[in-house]
Amino acid sequence: MSKGLPKRSEDYSLWYNELVKKADLAENSPVRGCMIIKPYGFAIWEKMQAKLDQMFKETGHSNAYFPIFIPKSYLSKEADHIEGFAKECAVVTHYRLKQAEDRSGLVVDPEAKLEEELIIRPTSETVIWNTYRNWIQSYRDLPLKLNQWVNVVRWEMRTRLFLRTTEFLWQEGHTAHATREEAKEETLKMLQVYTDFVQDYMAIPVIQGIKTESERFAGAVDTYCIETLMQDGRALQAGTSHFLGQNFAKAFEVKFATREGALEYVWGTSWGVSTRLMGALIMAHSDDKGLILPPRLAPIQVVIVPIFKNEEQLEAISAAVQGIVHQLKERNISVKYDDRDTHKPGWKFAEYELKGVPVRIAMGPRDLENSTAEIARRDSSEKQTCNQQDIGSTVQHMLSGMHNSIYQKALKFRDQNITTVDSYENFKEVLDTRGGFVRAHWDGTIETEQRIKDETKATIRCIPINEEAKAGICIYSGKSSSQQVIFAKAY
RNA sequence: CGGGGUGUAGCUCAGCCUGGUAGAGUACUGCCUUCGGGAGGCAGGAGCCGAGAGUUCGAAUCUCUCCACCCCGACCA
């Protein structure tokens, strides 16, 4: 393991890239734009998955699986949907390879051309709604609330590990309802599930909002989102929940008989979060020493490092450590005892700081004499000496305190970096100097939004849904505006 | 697809201008001393110098062609 990480203040982007690699989260794959998620990175993703999956089940959803291949014709059925995804689809055209004539390798067998080309799912609305047509006949079949954990492919031009990759992992929920109200309620309920998860588990504050027409999901009536702010002042969309109206039901002829016997189109929603959350997790909290993981998602919550000169010392320390491990496991705290003699304590300290392990316990001969241990917090770098018998409770308090502490820190940062502006001059100045979220009045037109984007690279992240709408004047056009919206430069 | 850059040890790179036995740091292997914040010494293994063609007695180095990757722009969760 090489030493040192670039400093955030010097090159934030490089810091992120290096951190992802050095903390053993992920690396680039032989295929451009794809990533190899390493065991440590995947362990974090698994913890996210486990909690989210539980939350989905608790809100009445079931998991299912739909195929990765989608007939090309399906994509064409919803007009806006084609528009949004056509440009980034990977397409399967053949089903066989053969030996080249000159034996130089394998070539695509031109004889094996598919009758209908298949696209690799960029999202699964089409195949799912095509299936829902067969599953839904009556109001008794509704609501239908499914989720799937899968990979999807969107052929991106520029990629970055976790933040934007050609293939990524996500979950996509797809629900069907009898009424508009119920579907809207579902859309907002899942937005709230995401909000709770990101705030309570990832320790990142969010702004809930609704997307403008140009940022809306292709095929949705409304797209709701949660927006987060990274340490460099750029925004990151952490999750989206779409109210699909009857768009897909109409495209795929999904109708149901009402209680009264009338035939009506079904109302739909879809919602997803992806491995991009890993990017948010990394960028929201970590420092120049490495990752800072919120305790509830850390694969290892506590690491114990023995400090010893010889075999006898190690044995004596190990015996005392067993009691500590027991105390921690009793409290469902995940703990790793690193008694390797191949690395020195200082090396291990740096290593676990790089990997964001929330609490480190060090125990050496001096501690052994005093029945103590040294406990260090990753987020604040504070160290304290603790009696061995109190370690379980001390660590437990420390972990929950740490969650609150990093959340509060992120919240304070976020709030300090929301700037309200009343003029375009001021708007540009804020974007150029401090970045962050910029709250401003907007006249509601695509033209204004586009011009601002072209001139400043800032986009409308969302129209907040938890703020009182106050009328005003658009900073760009001077026309009337019904509400302030949130602008930012975004990932 | 435009504009710029880079390909040499697992990784980061020097060497190229001015052709002459393939280098450093780090990582790796072994031994000794160390061990409360990324230790030190000694020894060792490691390379089709991106690919092909050319010039030359001789090419990592000069010439040409190709390929790959990275950065900056146009698209996006």
Side-chain angles (χ1 to χ4, degrees), chain A residues 1-6 11 13-14 17-18 21-22 27-33 83-89 121-123 151-160 162-172 194 211 214-218 220 223-228 235-242 270-280 289-290 305-311 313-314 317 339-355 360-370 372-376 381 383 385 453-454 457 459 461-462 490-491:
Chain A
M1 182 61 56
S2 51
K3 305 172 192 178
L5 202 57
D11 191 338
S13 177
L14 186 64
N17 293 340
E18 289 295 307
K21 288 177 196 155
K22 290 194 166 146
E27 62 188 47
N28 287 301
S29 83
V31 177
R32 187 191 130 80
E83 195 67 23
F85 287 106
K87 282 174 287 182
E88 51 191 47
C89 284
R121 62 179 163 225
T123 180
N151 59 340
V152 289
V153 167
R154 296 180 189 175
W155 213 265
E156 301 288 352
M157 306 268 186
R158 297 200 57 206
T159 58
R160 289 187 77 192
F162 291 121
L163 295 173
R164 176 166 294 106
T165 46
T166 297
E167 179 194 28
F168 57 95
L169 306 183
W170 77 345
Q171 58 70 217
E172 43 179 326
Y194 289 154
K211 288 290 188 188
S214 58
E215 297 277 331
R216 188 185 295 157
F217 173 73
T223 288
Y224 291 86
C225 61
I226 48 175
E227 293 288 329
T228 61
L236 189 134
Q237 177 179 302
T240 50
S241 183
H242 314 292
S270 67
W271 27 274
V273 293
S274 70
T275 35
R276 180 180 243 202
L277 287 179
M278 292 285 293
K289 288 196 288 188
V305 177
I307 293 153
F308 58 96
K309 286 196 173 86
N310 52 48
E311 196 69 23
Q313 278 189 350
L314 177 60
I317 292 166
D339 61 353
R340 288 178 296 173
D341 61 2
T342 50
H343 295 284
K344 291 180 56 185
W347 190 93
K348 292 177 186 174
F349 291 176
E351 177 73 3
Y352 291 109
E353 278 162 5
L354 183 61
K355 291 194 160 188
R360 179 189 72 228
I361 298 174
M363 193 189 287
R366 285 206 300 272
D367 291 303
L368 213 51
E369 272 178 41
N370 305 327
T372 58
E374 180 195 78
I375 307 183
S381 298
K383 291 179 190 175
T385 300
K453 182 179 174 182
D454 292 343
K457 297 208 165 77
T459 52
R461 300 321 303 153
C462 68
Y491 276 100

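Computation of the quantities below employed the complete heavy-atom set of this structure, encompassing side-chain atoms and omitting hydrogens, waters and symmetry-equivalent molecules. All chains are named by letter (A, B, ...) in the order of the sequence lines, taking the proteins before the strands, and each is independently numbered beginning at 1.
- The nearest heavy atom of RNA chain B to A:F162 and to A:A376 marks one nucleotide each, and the one closer to the 5' end goes with A:A376.
- Contacts of A:L163 with the nucleic acid, taken as non-hydrogen atoms under 4.0 Å apart, include base atoms.
- B:G38 and B:A43 have their P atoms separated by 25 Å, given to the nearest Å.
- For B:G15 and B:A9, the P atoms lie 15 Å apart once the distance is rounded to whole Å.
- Each of A:G33 and A:E156 lies near RNA chain B, and the nucleotide nearest A:G33 is the one positioned closer to the 5' end.
- Between B:G37, B:C35, B:A74, one nucleotide has an atom nearer to the side chain of A:R158 than all others, and that is B:A74.
- At the heavy-atom level, A:D341 lies nowhere under 4.0 Å from the strands shown.
- If you check B:C71, B:A77, B:G38 against the side chain of A:E351, the one that comes closest is B:G38.
- Spacing of P atoms, B:U8 relative to B:A51, comes out at 10 Å, to the nearest Å.
- Considering only the side chain of A:R276, B:A77 comes nearest among B:G37, B:A77, B:G38.
- Among the protein residues, A:T165 comes within range of the nucleic acid bases, having at least one heavy atom under 4.0 Å from a base atom.
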Residues A:N28, A:T159; criterion side-chain contact (heavy atoms from CB on, under 4.5 Å); working and verdict = CA-CA 10 Å; A:N28 287 301; A:T159 58; 5.9 Å; no

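- The distance from atom CD1 of A:I307 to atom CG of A:D367, rounded to the nearest 0.5 Å, is 7.0 Å.
- Note on A:F168: a base of the nucleic acid sits closer than 4.0 angstrom, heavy atoms only.
- Within the nucleic acid shown, A:R32 comes within 4.0 Å of sugar-phosphate atoms alone, with no base atom in reach, counting heavy atoms only.
- For A:E156, there are no salt bridge (charged side-chain N to carboxylate O under 4.0 Å, His left out) partners at least two apart in sequence or on another chain.
- Counting heavy-atom neighbours within 6.0 Å of A:E83 CD, excluding the residue itself, gives a total of 12 or less.
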Evaluate side-chain contact (heavy atoms from CB on, under 4.5 Å) for A:E172 paired with A:V152, printing each intermediate quantity in order.
-> CA-CA 10 Å; A:E172 43 179 326; A:V152 289; 4.2 Å; yes

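- For the OP1/OP2 pair of B:A39 and a distance below 4.0 Å, the side-chain nitrogens and oxygens of A:K344 include at least one atom meeting the criterion.
- Using a 30° and 60° split on the angle between ring planes, A:W170 and A:F168 fall in the perpendicular class, above 60°.
- Base engagement by A:F308 is indicated by at least one non-hydrogen atom pair under 4.0 Å involving a base atom.
- Ring planes of A:F217 and A:H242: parallel class, angle under 30° (limits at 30 and 60°).
- For A:E353, the side-chain atoms get nearest to B:G37 when compared with the rest of B:A77, B:G37, B:C75.
- Protein atom CG of A:N28 is 14 Å distant from nucleotide atom C1' of B:C71, rounded to whole Å.
- Between the C1' atoms of B:U18 and B:G37, the separation comes to 48 Å (whole Å).
- For A:K383, the listed nucleotide lying nearest its side chain is B:G37; candidates were B:G37, B:A74, B:C35.
- Among all heavy-atom pairs drawn from A:G279 and A:F162, the shortest one is N-CB, 3.9 Å.
- Between A:K211 atom NZ and B:A77 atom C1' the separation is 9 Å, expressed in whole Å.
- Using C1' as the reference atom, B:C71 and B:U55 are 34 Å apart when rounded to the nearest Å.
- Straight-line distance between the C1' atoms of B:C62 and B:C17: roughly 11 Å, to the nearest whole Å.
- Residue A:R360 is classed as a base contact, given a heavy-atom separation below 4.0 Å to a base.
- Nearest to the side-chain atoms of A:R164 among the listed nucleotides B:G36, B:G37, B:C76 stands B:C76.
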Any chance you could lay out the side chain to side chain donor-acceptor pair (under 3.5 Å) test for A:T123 and A:R121, step after step, and finish with the verdict?
-> CA-CA 5 Å; A:T123 180; A:R121 62 179 163 225; over 6 Å; no

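- When the C1' atom is used for both B:A14 and B:C49, the distance is 13 Å, rounded to whole Å.
- Distance CD (A:E215) to P (B:C75): 11 Å, rounded to an integer number of Å.
- Note on A:S274: a base of the nucleic acid sits closer than 4.0 angstrom, heavy atoms only.
- Between B:U6 and B:G50, the two P atoms lie 13 Å apart (nearest whole Å).
- In RNA chain B, runs of at least 3 stacked Watson-Crick or G-U pairs (N1-N3 plus N6-O4 or O6-N4, or N1-O2 plus O6-N3, all under 3.5 Å) give these stems: B:1-7 with B:67-73, B:10-13 with B:23-26, B:28-33 with B:39-44, B:50-54 with B:62-66.
- Residue A:K457 is out of contact with every strand shown, counting any heavy-atom pair closer than 4.0 Å.
- In this model, the phosphate group of B:A74 is not approached by any side-chain N or O of A:K87 to a distance below 4.0 Å at OP1 or OP2.
- Going from atom CZ of A:R360 over to atom OG of A:S381 covers 8.5 Å, rounded to the nearest 0.5 Å.
- Taking only side-chain atoms of A:K309, from C-beta outward, the nucleotide of B:C35, B:G38, B:G36 with the closest atom is B:C35.
- Of the candidates B:G36, B:G37, B:A77, B:G36 carries the atom nearest the A:P365 side chain, counting heavy atoms from C-beta on.
- Within 4.0 Å (heavy atoms only), A:Q237 reaches sugar-phosphate atoms of the nucleic acid but no base atom.
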